[in-house]
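First the structure, in the form of structure tokens, and then the observations on it.
Each chain gets a letter, A, B and so on, in the order the sequences are listed, and its residues count up from 1. Just so you know, these numbers come straight off a predicted model, no measurement behind them.
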2 protein chains.
Amino acid sequence: MSRTTMGAPNLGWTDPECPVARTLDLVGDRWSLLVVRDAMDGARSFTEFQRRTGIARNILADRLRKLTAHGLLAQRAAPTGRRQEYVLTDAGRDLFPVILTLRQWGERHAFAPGETHSTLVDQHGIPVPEIAPTSADGTLLDADTTHVQKTR
Amino acid sequence: MSRTTMGAPNLGWTDPECPVARTLDLVGDRWSLLVVRDAMDGARSFTEFQRRTGIARNILADRLRKLTAHGLLAQRAAPTGRRQEYVLTDAGRDLFPVILTLRQWGERHAFAPGETHSTLVDQHGIPVPEIAPTSADGTLLDADTTHVQKTR
DNA sequence: CCGATGAGTTGCGAATTGAAACCATTGTGC
DNA sequence: GCACAATGGTTTCAATTCGCAACTCATCGG
């Protein structure tokens, strides 16, 4: 036993119908998405995650365990040396749009007008355009023009 | 004074350069985004938020206070009666892409193959298409084809 | 005026965090 | 081959935060 009884999200209890709630059950805490962000940005080792995020080591160990358990991260032998390293799985990499929209919201609303911040750019160094949700026919969508359809 | 000393996110300290971190400082806890989700889905009153999310009342009071303080929600007099109600500000509504990508990730990865879940549809009842980040020239982008450019 | 709601607040025990110290393995320079 | 540093965690313990239930104040509906 002795899994250290340390849990992040309570895990499995919020409105089980809603995909948003399900996702937040997995990554809806202060750190998980920052870990994923750093993994996308090249972090692989425990120490590297710790250094980049500044998260407490015990919490980091717990989050890495959890993200791995839920299939967002995987551990594999590092190419060089025989230490283990953490890499994003397909599901983990698929959080890219989530991180991107969080980033873009932050750029729009969490910085003072002239304040500088890092930017996301593509291979050519060109800034990534802002994401705009559209319907099948191409019109812009927002909270007012959409609604949740309960499964029946 | 006595602001009840109840805080959600520690507020203001993670890598202040990164927009993702800034955003998560505001809404990166277990509940804030669910409150926003419900606000987008029509919730306006304390009780309604409480009923939909199942969140503890003291925590809800704290989150509403915080979201309001940070300008994601605003309180205004309800059209009927003279009770107050909470409504999303422009910044709050602008979290739509975040909620949407969380939802779409959940639909792809947090449900067993045949399992049912609610769906987001537009005015015509047509399901909202999946968001795909693209670069300026239209190619698909992901974690491998983009990188953060540090501000210098 | 009376009971029912709505909107929070308060008190508390339980669970989660964070900081720092500690430890067992590799790695490494010499 | 060895002393020494770095890695990857674990343990401990105090400080926060959470969740629950009970309680308070309006206001509402008759």
Side-chain angles (χ1 to χ4, degrees), chain A residues 1-15 24-35 38-39 43-69 73-87, chain B residues 1-15 24-25 27-32 34-35 38-39 43-69 73-87:
Chain A
M1 34 153 302
S2 76
R3 252 296 53 133
T4 325
T5 325
M6 269 228 38
N10 262 342
L11 239 359
W13 52 269
T14 15
D15 180 359
L24 290 176
D25 272 346
L26 303 185
V27 298
D29 67 287
R30 170 108 247 87
W31 296 111
S32 296
L33 285 173
L34 289 178
V35 168
D38 287 334
R44 312 262 109 123
S45 67
F46 187 92
T47 309
E48 186 60 13
F49 283 115
Q50 210 274 320
R51 197 184 60 67
R52 297 204 197 191
T53 60
I55 184 176
R57 308 167 65 78
N58 54 341
I59 304 299
L60 175 58
D62 180 72
R63 294 302 182 277
L64 289 172
R65 210 167 11 240
K66 225 148 254 183
L67 290 172
T68 301
L73 284 180
Q75 269 186 301
R76 67 167 192 208
T80 171
R82 203 175 289 60
R83 267 182 177 359
Q84 290 285 105
E85 65 175 16
Y86 295 94
V87 289
Chain B
M1 26 158 315
S2 74
R3 253 290 65 128
T4 324
T5 326
M6 269 228 36
N10 259 342
L11 240 359
W13 53 270
T14 13
D15 179 0
L24 290 177
D25 272 347
V27 297
D29 67 288
R30 170 107 248 86
W31 296 112
S32 297
L34 289 177
V35 168
D38 288 335
R44 310 262 110 119
S45 68
F46 185 92
T47 310
E48 187 58 14
F49 283 115
Q50 208 274 319
R51 197 184 60 66
R52 298 204 197 191
T53 59
I55 184 176
R57 308 169 67 77
N58 54 341
I59 304 298
L60 174 58
D62 179 72
R63 294 302 182 275
L64 290 172
R65 212 171 2 245
K66 225 149 255 183
L67 290 172
T68 302
L73 285 180
Q75 268 186 303
R76 66 163 192 212
T80 170
R82 202 174 292 57
R83 273 186 192 306
Q84 290 285 104
E85 64 175 18
Y86 294 94
V87 289

For atom [atom1] of [X] and atom [atom2] of [N], their distance in whole Å:
X: B:Ile59; N: C:dC12; atom1: CD1; atom2: C1'; result: 13 Å
X: A:Leu60; N: D:dG9; atom1: CG; atom2: P; result: 9 Å
X: B:Gln50; N: D:dG19; atom1: CD; atom2: P; result: 11 Å
X: A:Arg63; N: C:dG18; atom1: CZ; atom2: C1'; result: 11 Å
X: B:Asp62; N: D:dG19; atom1: CG; atom2: P; result: 11 Å
X: B:Arg30; N: D:dG19; atom1: CZ; atom2: C1'; result: 13 Å
X: B:Asp29; N: D:dC18; atom1: CG; atom2: C1'; result: 11 Å
X: B:Lys66; N: D:dT17; atom1: NZ; atom2: P; result: 8 Å

Tell me every residue that passes side chain to side chain contact (heavy atoms under 4.5 Å, CB included) with [X], counting only those two or more places apart in sequence or in another chain.
X: B:Gln50; answer: B:Arg57, B:Leu60
X: A:Glu48; answer: A:Ala43, A:Ser45, A:Arg51, A:Arg52
X: B:Ala69; answer: none

Nearest 0.5 Å, please: how far is CD in A:Gln75 from CG in A:Leu73? 9.0 Å

To the nearest 0.5 Å, what is the distance between CH2 (A:Trp31) and CG (A:Asp38)? 10.0 Å

What is the bend of the helix from C:dC1-D:dG30 to C:dC30-D:dG1 when you compare the axis at one end with the axis at the other, using five pairs each and rounding to 10°? 40°

Pairwise side-chain contact, A:Tyr86 with A:Leu64, heavy-atom cut-off 4.5 Å (strictly under): yes

Side chains of B:Glu85 and B:Arg76 in contact at under 4.5 Å (non-hydrogen atoms): yes

Check: A:Arg63 side chain, A:Asp29 main-chain N or O, donor-acceptor pair, under 3.5 Å: no

Just to confirm, is there a sub-4.0 Å distance from OP1 or OP2 of D:dC18 to any side-chain nitrogen or oxygen of B:Trp31? no

Between the base of C:dG8 and the side chain of B:Asn58, is one N or O donor paired with an acceptor at under 3.5 angstrom? no

Given A:Ser32 and A:Leu26, is the side chain to side chain contact (heavy atoms under 4.5 Å, CB included) satisfied, shown in steps? CA-CA 8 Å; A:Ser32 296; A:Leu26 303 185; over 6 Å; no

Under 3.5 Å, which protein N or O atoms sit close to an N or O of nucleotides 6-8 of chain D? Give each pair with its distance.
{"unit_1": "D:dT7", "atom_1": "O4'", "unit_2": "A:Arg83", "atom_2": "NH2", "d": "2.7"}
{"unit_1": "D:dT7", "atom_1": "O3'", "unit_2": "A:Arg83", "atom_2": "NE", "d": "3.1"}
{"unit_1": "D:dG8", "atom_1": "OP2", "unit_2": "A:Thr47", "atom_2": "N", "d": "3.3"}
{"unit_1": "D:dG8", "atom_1": "OP2", "unit_2": "A:Thr47", "atom_2": "OG1", "d": "3.0"}
{"unit_1": "D:dG8", "atom_1": "N7", "unit_2": "A:Arg57", "atom_2": "NH2", "d": "3.0"}

